[in-house]
Amino acid sequence: MGNNENILEVQHLKQYFGKYDFKAVDDVSFSLKKGEVLGIVGESGCGKTTTGRSIIKLFPATSGNVYFKGQRVVAGTRMYTDAIKEEKAASKERIAQLQAAGKSDEVAKEKEHLKKFIAEQKEEIRKAKDDSKNCIRKYRERVSAELREEYNAKIASATSASEKADLNKELSKKLDEVSKENIVTKMQMIFQDPIASLDPRMTIREIIAEGLRIQGIRDEKYIDERVYEMLEKVGLVREHAGRYPHEFSGGQRQRIGIARAIVMNPELIIADEPVSALDVSIQAQVINLLNELRDELGLTIMFIAHDLSVVKYFSDRIMVMYFGKVVEIATSDELFAHPLHPYTKSLLSAIPLADPHYERGRKRIGYNPAEAHDYKTEGPTLREITPGHFVSCNTAEFEAMKAELEK
Ligand SMILES: Nc1ncnc2c1ncn2[C@@H]1O[C@H](COP(=O)(O)OP(=O)(O)O)[C@@H](O)[C@H]1O
Ligand SMILES: [Mg+2]
């Protein structure tokens, strides 16, 4: 089950592509508390965008689960098919051993065990497909049932008829809201390239309103009001609604991209390198806007960037990815004070310093996995070095990192 304290929980997410299973995202796990900002960094091609896209269901995950607001919204099936394959192989071996030992009476028991195991995994596959496909309805059903239970208890202990009537009214209103809530659109993505992501033939009004129309909203007056409200929220003006994307600067286009996302009343924003394509002078403005909206709208944010300097001040925690895997995750302060994985150290050494004196004497650290690690006898897993600080390492590295921190 998903942990209800976390608004988002990603468990062993894998996204493989093509016939040969190219591992764009390979066993990524993390969680986000409501209101938290998680920075995700790593070089181009390491799987940051794919992680975001898998979470918002732009393509079916190969394996693993994503829980959003306690509802499984993404569920791969490879973990179950792999388990079946492994168990079949193990069972075959056990049967051979039993037969060799002349215990043929136990073979039937083993066969029975395998049959049961396969049936259980198939049931998990069915549930996974059902959750992925019907997460919107299932979320509504669960929350409605929770509301009914909560209010029925309140109504039962209400002392007057008018109090009961009020509670009933409140419940109906909440049930009505939940019956329309689309949990998937509560996750919105802001894209890297504000030019490519805005249709040049659509006016700003049409772009911002598109998500509302897809949801079936037809009230033109309401739509206009929402569009104007969003434009003002992102620092533009209502007069911009009738214009086309090419009439705006890069920073303004990114503001339009943000308006298009927040018009859906999202709770989670996945901002995919939202400032990478912008001039440095404009980057801070867009980051400040996201920060303001975070407070005002209570947003939880995944902020993807390819270098650490952008995420440093904005993120509560930072996750570093390398070739589809998480190599380190910690609070921002901790990651900057005690970077442990050699790849994180390399990324940190690439941040330009404000002080030119230090800048001259500084060494850039490279990262070559073949030189940095010895994984011949034991491969790495994600281990907690100090509370909340996780690093991908094997036992020998784990001990060395602990020692490094105690120095
Ligand atoms: N739809 C796809 N089909 C095949 N390969 C893909 C697809 N999407 C991404 N990839 C590959 O997955 C890897 C990770 O890509 P991406 O998530 O875009 O990285 P990042 O955002 O960190 O730069 C890259 O090698 C990319 O070419
Ligand atoms: Mg990307």
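What you see is a predicted model; the values in this text were computed from it and never measured. We count ligands from 1, going down the list as the structure has it; atoms in each ligand are counted the same way.
- Closest approach of G257 and I190 over heavy atoms only: O-CG1, 4.4 Å.
- Around the Mg ion (ligand 2), protein N, O or S atoms at less than 2.8 Å comprise T49 OG1.
- Residues V28 and K325 are not in side-chain contact: their nearest non-hydrogen atoms beyond the backbone lie 4.5 Å or more apart.
- Pocket lining of ligand 1, defined as residues with a non-hydrogen atom under 4.0 Å away: F17, F22, A24, E43, S44, G45, C46, G47, K48, T49, T50.
- Heavy atoms from other residues, nucleotides or ligands lying under 6.0 Å from CD of E149 number 12 at most.
- Of all non-hydrogen atoms in S54 and L13, the two that sit nearest each other are CB-CD2, 3.9 Å.
- In this structure, D176 pairs ionically with K180, as a charged nitrogen and a carboxylate oxygen lie closer than 4.0 Å.
- Salt bridge status for E150 with K174: absent, with no side-chain N to carboxylate O gap under 4.0 Å.
- Side-chain contact annotation: K122 with Y80, donor-acceptor N/O pair under 3.5 Å absent.
- H306 and E43 share no donor-acceptor pair across their side chains, judged by distance under 3.5 Å alone.
- F30 has its ring centre no less than 6.0 Å from the ring centre of F390.
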